[in-house]
Amino acid sequence: MKTIRVVAAVIQRKHNGSKQIFATQRGYGEFEGGWEFPGGKIEAGETPQKALIREIKEELDADIVVGDLIDTIEYDYPDFHLSMDCFWCELQSEHVVLNEHEDAKWLSKAQLDSVDWLPADVTLVDKIAKGM
């Protein structure tokens, strides 16, 4: 089974005194309509952090600051193995454009379970809730 290495941005912000996490809804492909943390594939020669900065610029037309690694999720989909490095991130400005996603939401800790996360992403939700 082939392995695909990707990165994911767990973008957080403070809103009305509490933390929120940015979730995006896929607008294409096999998992269209599912919710995920934005990000994408690591290209040859890139560090995970550089890949994440590039992917968020492409997907959201946004600049981010990449923080600490939360976890590396290892997940077997039917056709491939996903290895996903997940980082805490912050937007440098509120400017976001959904270039590839159907929808996006800011979720409070209590709302983290309110969306239909993709299988690999859902495995990270408990760790994110603890980190909020």
Side-chain angles (χ1 to χ4, degrees):
M1 187 180 304
K2 72 176 177 180
T3 295
I4 298 177
R5 290 216 47 228
V6 300
V7 286
V10 180
I11 300 170
Q12 58 182 342
R13 73 172 183 185
K14 278 255 189 183
H15 185 72
N16 294 332
S18 61
K19 285 188 181 175
Q20 293 181 321
I21 300 297
F22 192 69
T24 54
Q25 188 177 31
R26 284 184 72 95
Y28 63 92
E30 181 181 352
F31 300 104
E32 182 176 353
W35 289 82
E36 65 182 353
F37 300 104
K41 292 180 185 170
I42 301 171
E43 293 181 356
E46 282 184 318
T47 64
Q49 293 87 343
K50 290 219 182 292
L52 198 51
I53 289 167
R54 176 187 51 75
E55 284 286 345
I56 297 305
K57 188 67 172 173
E58 290 173 7
E59 290 183 10
L60 302 174
D61 193 30
D63 295 313
I64 57 168
V65 176
V66 179
D68 293 336
L69 178 71
I70 301 167
D71 199 358
T72 299
I73 302 297
E74 302 290 342
Y75 190 87
D76 288 328
Y77 281 98
D79 299 330
F80 62 94
H81 175 79
L82 185 75
S83 180
M84 180 169 65
D85 293 336
C86 306
F87 292 87
W88 291 112
C89 297
E90 291 184 8
L91 292 172
Q92 290 189 333
S93 75
E94 289 291 315
H95 172 81
V96 172
V97 177
L98 299 180
N99 291 325
E100 297 183 15
H101 294 93
E102 200 170 296
D103 197 6
K105 300 180 182 187
W106 286 101
L107 302 172
S108 68
K109 185 175 181 176
Q111 295 169 318
L112 284 175
D113 290 329
S114 69
V115 298
D116 186 19
W117 293 105
L118 294 179
D121 293 68
V122 76
T123 65
L124 189 64
V125 170
D126 285 343
K127 282 192 177 182
I128 290 169
K130 288 178 182 152
M132 291 176 78

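All values below come from the heavy atoms of this structure, side chains included, with hydrogens, waters and symmetry mates left out.
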Using the test side chain to side chain donor-acceptor pair (under 3.5 Å), find all partners of Thr47 that sit at least two apart in sequence or belong to another chain. none
Following the transitive rule for hydrophobic clusters with a side-chain heavy-atom cut-off under 4.5 Å over Ile, Leu, Val, Met, Phe, Trp and Tyr, establish whether Ile128 and Ile11 coincide in one cluster. no
Do Lys105 and Val115 have side chains that get closer than 4.5 Å, going by heavy atoms? yes
Look at the side-chain heavy atoms of Ile, Leu, Val, Met, Phe, Trp and Tyr, link any pair under 4.5 Å apart, and say whether Leu124 and Leu82 land in one connected group. yes
Run the ring-centre check on Tyr77 versus Phe31 and record whether the distance is less than 6.0 Å. yes
Any side-chain to backbone donor/acceptor pair from Gln25 onto Trp35? Under 3.5 Å, distance only. no
Between Asp61 and His95, does the side-chain contact (heavy atoms from CB on, under 4.5 Å) criterion hold? Intermediate values first, please. CA-CA 8 Å; Asp61 193 30; His95 172 81; 3.0 Å; yes
Within this structure, what is the CG-CD distance for the pair Leu60 and Glu100, rounded to the nearest 0.5 Å? 8.5 Å
Heavy-atom distance under 4.5 Å between the side chains of Phe22 and Leu91, does that happen here? no
Between the side chains of Glu90 and Arg13, is the shortest nitrogen-to-carboxylate-oxygen separation below 4.0 Å, so that they form an ion pair? no
Thinking salt bridges, do Glu43 and Lys50 make one under a 4.0 Å N-O criterion? no
Determine whether Ile56 and Pro38 make a side-chain contact, defined as any pair of heavy atoms from C-beta on separated by less than 4.5 Å. yes
Nearest heavy-atom contact between Val96 and Ala62 is CG2-CB, 4.5 Å
Between atom CG of Asp68 and atom SG of Cys89, what is the distance when rounded to the nearest 0.5 Å? 10.0 Å
Using ring pair (Phe, Tyr, Trp, His ring centres under 6.0 Å) as the criterion, point out the one residue from Trp88, Trp117, Phe87 that pairs with Phe37. Trp117
Heavy-atom distance under 4.5 Å between the side chains of Lys2 and Ile4, does that happen here? yes
How far does OG of Ser114 sit from CG of Leu107, to the nearest 0.5 angstrom? 5.0 Å
One should read off an interatomic distance between Gln92 CD and Ile64 CD1, to the nearest 0.5 angstrom, of 8.5 Å
So is Lys19 actually on top of Trp106's ring, under 6.0 Å and inside 45° of the axis? no
Kindly work out whether a path of hydrophobic side-chain contacts (I/L/V/M/F/W/Y, heavy atoms less than 4.5 Å apart) joins Ile73 to Phe80. yes
Kindly indicate, with the supporting measurements, whether the criterion side-chain contact (heavy atoms from CB on, under 4.5 Å) is fulfilled by Ile21 and Lys109. CA-CA 8 Å; Ile21 300 297; Lys109 185 175 181 176; over 6 Å; no
Hydrophobic cluster membership, with links at side-chain heavy-atom distances under 4.5 Å among I/L/V/M/F/W/Y: are Ile53 and Leu98 in one? yes
Determine whether a donor-acceptor pair (N or O, by modelled atom type, separation under 3.5 Å) exists between the side chain of Gln111 and the backbone of Ser108. yes
Hphob cluster co-occupancy, Val122 + Ile70, side-chain heavy atoms under 4.5 angstrom: yes
When you measure from the side chain of Asp71 to the backbone N and O of Lys127, does any donor-acceptor pair fall under 3.5 Å? no
If every non-hydrogen atom of Glu55 is compared with every non-hydrogen atom of Gly39, which pair is closest and at what distance? OE1-O, 3.6 Å
Nearest 0.5 Å, please: how far is CD in Glu32 from NE2 in His101? 11.5 Å
Is the shortest side-chain heavy-atom distance between Glu46 and Arg54 below 4.5 Å? yes
In plain terms, say whether Glu102 and Arg26 are close enough for a salt bridge, that is, a side-chain N and a carboxylate O under 4.0 Å apart. no
Between Arg5 and Asp85, does any NZ, NE, NH1 or NH2 come within less than 4.0 Å of an OD or OE carboxylate oxygen? yes
d(Gln12 CD, Lys14 NZ) to nearest 0.5 Å is 9.5 Å
Check each of Val66, Val7, Leu69 against Pro48 using the side-chain contact (heavy atoms from CB on, under 4.5 Å) test, and report the only one that passes. Val7
Nearest heavy-atom neighbours spanning Leu52 and Ala9: CD1-N, 3.6 Å
Check for a donor-acceptor pair, side chain of Thr24 on one end and backbone N or O of Glu36 on the other, with a separation under 3.5 Å. yes
Tell me whether Lys41 at atom NZ has more than 12 heavy atoms from other residues, nucleotides or ligands lying less than 6.0 Å away. no
